[in-house]
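This report concerns only the one structure given below.
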Amino acid sequence: MASFATRSASQAIRASRRVSGIAAKAALRPAQTASYSLLARAAAAKAAQTPVVHGVRGIKTLDFAGVKETVYERSDWPLAKLQDYFKNDTLALIGYGSQGHGQGLNARDNGLNVIVGVRENGESWRQAIEDGWVPGETLFPIEEAINKGTIIMNLLSDAAQSQTWPKIAPLIVPGKTLYFSHGFSVVYKEDTKVIPPKDVDVILVAPKGSGRTVRTLFKEGRGINSSIAVWQDVTGKAKEKAVAIGVAVGSGYMYETTFEKEVYSDLYGERGVLMGGIQGLFLAQYQVLRKNGHSPSEAFNETVEEATQSLYPLIGQKGMDYMFNACSTTARRGALDWAPIFEKANVPIFEKLYESVKNGTETRKSLEYNSRSTYRQDLAKELAEIDNQEIWRAGKVVRSLRPDYKSDSE
Ligand SMILES: NC(=O)C1=CN([C@@H]2O[C@H](COP(=O)(O)OP(=O)(O)OC[C@H]3O[C@@H](n4cnc5c(N)ncnc54)[C@H](OP(=O)(O)O)[C@@H]3O)[C@@H](O)[C@H]2O)C=CC1
Ligand SMILES: CC[C@](O)(C(C)=O)C(=O)O
Ligand SMILES: [Mg+2]
Ligand SMILES: [Mg+2]
C-alpha cells in the first residue's frame, strides 16, 4: 500500500500538473476573464507551496514550503525488519507515565522484547501491572531494569530524570544506548546535572503528542508524528537506531532535529498555542462575552465547542484556508481583518516566551516545582481550579447535551 507521504506527494504532483495546465492555458489566452486568471494564479501559487518528493524510497527529502527536509517513514520498516533489527535487544522503559504507557505497549505489540522499570509499589508500578507487565518477568525496580536492558529509555518525568541521575549514570555502561523523549535533561545539563557517559549512543525520539494519543493512533493503524535526534554517536548507528525505535514505539513519520531545537520548540509550544496560550485565549474571549451579557451556554459554544467540534478539525484535515472557506463570507472577511491584529498583539508575548525557554528560566521553574514531594497534589490543586472555572463548568453541561454523550465519558 502506498504510504501517506508517497500518496500525498503524488497527489501534489498531479495537482501541480493540473495547475500548470490551467496556468499555461491562461497564459495563452490573455483575453480570458479576470476571474479565470485569478483562479489560475491562485491554483499555481498553491501548487508551488505543495510538498514534492525528491530522492528514493527509504529516505525522502521533501520540500516544506521552500525548505528541504529529510523524513523517515514507518512504511520503510515492515514488522519483520523491525523485529530482526532488535532481535538481540531489550528495550528497558524507565518510567511509566503517559509516554511510558504509549511507547511501551506499542513496542510490545510490535513483538519486541520490552521491560518496564519503575519505583516499586508506586502509582506507575500499579498501572504497569494493570497493563499486563508482570513483576519479576517484565516489570522491575528501576536499577534492575537498567541492568537487564540494552536500550535504556528514560521516560521518567523530566524532574525525576535529574533527581535519579546519580544512581542511574553508573549503570549506563558501554554497549547500552541511552534514549530520551525530550532534550530537556541533557541540554540544560547545568541545571539537571545529567551528563551522559561519553562511550554510549545517546538518542531521542520525541512524539509530537500525548502518550495517550501515541497509543490510540497506533491501535487505529495510524501513527503519531515524532522528531528524532542524536546527541552522541559512538557506534555510527545512532540515527538508524533512533529511526527504528521511533517506528517501534508507534511513529508514523519522523523528522530530524537536534536535542536543543526539540526542547526549545517543545517547551515553547506547550506553553504557547498547544496549552497555555489556548487556555488564556479561550478564557479571555469567554470573559468578554459574559461581561456583555451572553449566557454561559452561548459563550462556551461560541468559544470552545464550535472550535473543537467543528472548525479546528477542518484545519487539521486540510489547512486554515479550507476552514476559512467552509465558513461564511461574513466570517471570512472579519477573520481576515482581525488575524493580523491578534498576530501583532501576540508576537511580543511569544518572543518573551521563547527567551524564557532559551535562557533556562522555564526549565529551572519546572525542576524546582516538579521535584517537590508534593508535586502531584500541587498540580492537581491548580488543575482543579481550572476545572472549577465557569467556562469549564459550563462546558461539562454542553458536552452532556451531545447526542453521542455517554454518562461515563467524563
Ligand atoms: N506526556 C507526554 O505526552 C509527553 C512527554 N514527553 C517526555 O517524555 C518523558 C516522560 O514524560 P511522561 O510520560 O509525561 O511522564 P511524567 O512526567 O508523568 O512522569 C511519570 C513517571 O516519572 C516517575 N517519577 C516521578 N518522580 C519520580 C522519582 N522521584 N523517582 C522515580 N520515579 C519518579 C513516575 O513514577 P511514580 O508513579 O512511581 O511516581 C512515573 O513513572 C519526559 O521527558 C517528557 O517531557 C514527550 C512527549 C510528550
Ligand atoms: C504539549 C505537551 C507535551 O509537550 C506533549 C504532549 O507533546 C508534553 O510535554 O506533554
Ligand atoms: Mg513537552
Ligand atoms: Mg511535546
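Read the numbers this way: they start at 1 and go in the same order the structure lists the ligands and their atoms. Heads up: numbering here begins at 1 and tracks the sequence. All values reported here derive from a predicted model rather than from experimental measurement.
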Under a 4.0 Å threshold between the charged nitrogen and the carboxylate oxygen, would [Y] count as salt-bridged to [X]?
| X | Y | value |
| --- | --- | --- |
| Glu256 | Lys239 | yes |
| Glu362 | Lys358 | no |
| Asp76 | Lys60 | yes |
| Glu262 | Lys208 | yes |
| Arg393 | Glu390 | no |
| Arg399 | Asp404 | no |

**Report entry** Geometric cation-pi criterion, Arg333 with Trp338: 6.0 Å, 45°
**Finding:**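 Geometry flag: not set, cation outside 6.0 Å or 45°.
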Query - Tyr85 and Trp77 aromatic centres sub-6.0 Å - result: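 Judged by ring-centre distance (under 6.0 Å), Tyr85 and Trp77 do meet the cut-off.
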Report task. Answer yes if a protein heavy atom lies under 4.0 Å from atom 10 (O) of ligand 2, otherwise answer no. Result ->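 Neighbour list for atom 10 (O) of ligand 2 is empty of protein heavy atoms (cut-off 4.0 Å).
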Requested in this report: Compute the shortest N/O to N/O distance between Ser210 and ligand 2 and return yes if it is under 3.5 Å, no if not.
Outcome: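 Between Ser210 and ligand 2 (N or O atoms, distance only) the closest approach is not under 3.5 Å.
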Query raised in the report: If you measure every N/O of Glu270 against every N/O of ligand 2, is any gap under 3.5 Å?
Result: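 By distance alone, the answer is yes.
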Query raised in the report: For ligand 2, which atoms have a heavy atom of Met275 less than 4.0 angstrom away?
Result: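 Every atom of ligand 2 under 4.0 Å from some heavy atom of Met275: 1 (C), 2 (C).
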Requested in this report: Could you name the option among Gly211, Gly209, Gly272 that has the heavy atom nearest to atom 5 (C) of ligand 2?
Outcome: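 The option holding the nearest heavy atom is Gly209.
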Query raised in the report: Which protein atoms of type N, O or S are found under 2.8 Å from the Mg ion (ligand 4)?
Result: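 N, O, S partners closer than 2.8 Å: Asp266 OD1.
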Report task. Establish, from distance only, whether the side-chain atoms of His101 and Gln127 form a donor-acceptor pair under 3.5 Å. Result ->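 There is no such pair between these side chains.
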Query raised in the report: Any idea which part of His182 is under 4.0 Å from ligand 2, heavy-atom wise: side chain, backbone, both or neither?
Result: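 Under 4.0 Å from ligand 2, His182 contributes no heavy atoms.
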